[in-house]
Amino acid sequence: MAEPRVRIFDTTLRDGEQSPGVSLNLGEKLEIARQLQRLGVDIIEAGFPIASAGERAAVAAIAAEVRGPVICGLARTRRGDIDAAVEALRGAERPRVHTFTSGSRVHLEHMLHLTEEEALAQAVDAVRYARGFVADVEFSAQDVARADPDFLVRLYGAAVAAGATTVNVPDTVGYSIPREFAEIVRFIRTEVEKVNPDVVVSVHTHDDLGLAVANALAGVEAGARQVECAVNGIGERAGNCSLEEVAMALVTRADLYGLRIGVRTAELYRTSQLVSKLTGMPVQPNKAIVGANAFAHEAGIHQDGVLKERTTYEIIQPRDVGVPETRLVLGKHSGRHALRERLAALGYQLGEAEFQRAFERFKELADRKRGIADADLAAIVQAEAVATAPEVCRLDYFQVTSGNTTVPTATVRVTCAGAEPAQESAVGDGPVDAVYRAMDRAIGQEFRLLDYALRAVTGDKDALGEVTVRLADPDGRTATAVGASTDVIEASARAYLAAVNKLLGMQAGGPRVPAAALPEGRV
Ligand code: KIV
Ligand code: ZN
C-alpha cells in the first residue's frame, strides 16, 4: 500500500541546469542547494559527476555541506560513472546514486547501440555495483512512454531484484498524456511491488506538450510517491515538471490527493527568484504560482470580488508561497535594526559581511527612491549582497554621455585586486555598449555579451531596474549575473562587473561547471 507522503526530488541542479544557455558555477550551485534545503525538498540531484571535474567538485561541495535532504548523483549504467558519483558523494550524510539507461527501442538502437538484453544486463550490474557502496540506489529507464511495456516490466523488475530502492519512470521527451502515463506507472508499480513491496515508484516528466505537471500528478494518482521536478520548470527543451506547480497542486487539492509533502511552501517564491537570477532565465509573468501576475487582478469584477472577499478569485494567498505583500516599508530614515528585521521577515539570514553590503546598497537606494518595497529589498539582496564570487574588480565610477544627437561615450574607472586603478573611455552603439567597452579596456580582457535583460522590479516611475547579463570570456567560460539600481546604466554596469568577477574567479582556477562538457553530450 503506497504511503500518504510524496517525496519531492529536485533536479534543478542536474536536469534544470541542462536548459539551453544555463551554466552555473560552484558558488551558484551551492547557493541554490542551500535554498533547496530551506525549501524542504527531500532529495537534491546535485549533478552528473562523470561529466567534468567542475561537476564533481560542485556535487562534492553540496554533499559536504548540505544536511537534511538526500544528496543524489547521476550515473549511466557504467561502473566508471558510478565510481565518480560515489566519490563525489563521499561527504554526504545520505547519499543516493541514480543510475539510468533507456527503455525505448529508438534510444537503444540509435543512441546506445544495445539490445534490450544487453541494456538489462548492464542495468542489473550497475545497480548491484552501486549497492556495494550506498544503500540508496535509484534506477531509471529513459523514454518509457515510447517503450514496450513488457520490456519495461522485465527491466524494472530486474533492477529492483538487484537492489534498486527507488524506480523512476521518465517521460523523457514529454510525449505522454495523463491517462496513458498513469496506466504505465500503475503497470510498472504493480509489477515491481511484487519483487519488493517497499520500493518507491517515482515520476519524471518533461513539458514538450505542456503536460509535465499533469502527467506527474496522474503518476501520483497511480501510486508514485516521488516526483522529480525543477524550480520554475527549467530544463532541457520545454523543461521539466515545475516544482512549485506540482507542490501547490498537492497542497491546495489535498482534499482530493490526501497526500503530504515536506516542502515549506512559503519558501517557493524566494527559491524561484534565486534560481531565475542565478540561471539568468526570467520567470514569465503569467507563470502559475511564482509569476509576477500570479496574484494580480486586473478586471474590475475580479478586483471588486477580491476586495470584498479574497477567496472569490484567489485559491492561494500570496503569503502561502512567500510572495512579498507589504509595500513601501522602509525609507531613508530606517536604520540597521529595521532593515535587519525586515530582511529576517522576508526570510534572509545574512552573515555580517553580507548584511553590511545589503545595508550600504539599501542606503544608496533610499537616497534615490522614496519608499523601498520588499521586492526592492529582495532584488538588492539577491543581486548583490549575497555574492557568489569574490570581488576581484570594483567599479569606482562611470560617466556617460548619450542622446539622439551625440555618439554615446563612457568613461569608467575600475580597480582590480593587486593592480592600480584603471580609467578608460570608449564609444558604443548605445550608452550600455559604451560602458561595457570601456570596462573591457580597463580590465584588460574582452568579454562577449551573450544575453542582456532588463526589468523593472516594481511598477513605479522611480522603480529599481534589474539587469541580468550572461557573458563569455575569451576561453568560452560563461557566467550569469544580476545588477540592480534606479539608474539602468548603473544596473547594467553592476551586472557586467559581477559576471566578470565570476569569470575572473574561474580563470584563477576555481572549479568550473561547464555548459556542455559531457562525454556523450548532455543526458
Ligand atoms: O528525462 C530523463 O529521462 C532523465 C533521466 C536521466 C532520468 O533526465
Ligand atoms: Zn529529464
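Start at 1 and go down the list; that is how both ligands and their atoms are numbered.
- For E87, the salt bridge (charged side-chain N to carboxylate O under 4.0 Å, His left out) test picks out R90, with sequence neighbours left out.
- No side-chain N or O of E267 forms a donor-acceptor pair with one of T271 less than 3.5 Å apart.
- For the Zn ion (ligand 2), the nearest N, O or S atom contributed by D15 is named OD2.
- Between E65 and R34 a salt bridge is recorded (basic side-chain N to carboxylate O distance below 4.0 Å).
- Listed by atom number, the atoms of ligand 1 under 4.0 Å from H206 heavy atoms are 1 (O).
- Looking at T172 against ligand 1, both its backbone and its side chain come within 4.0 Å, counting heavy atoms.
- Residue contacts with ligand 1: E228 is placed with no nitrogen or oxygen under 3.5 Å of a nitrogen or oxygen of the ligand (distance criterion only).
- Counting heavy atoms closer than 4.0 Å to ligand 1, residue R14 contributes side-chain atoms (C-beta onward) but none from N, CA, C or O.
- Counting heavy atoms under 4.0 Å from ligand 1, residue E236 does not touch it at all.
- One side chain, D83 or Y129, offers a donor N or O that lies under 3.5 Å from an acceptor on the other.
- Side-chain N/O atoms of T115 and E117 include no donor and acceptor closer than 3.5 Å.
- Side-chain polar atoms of Q226 and S202 form a donor-acceptor pair below 3.5 angstrom.
- Interface atoms of ligand 1 facing D15, defined by a heavy-atom separation under 4.0 Å, are 8 (O).
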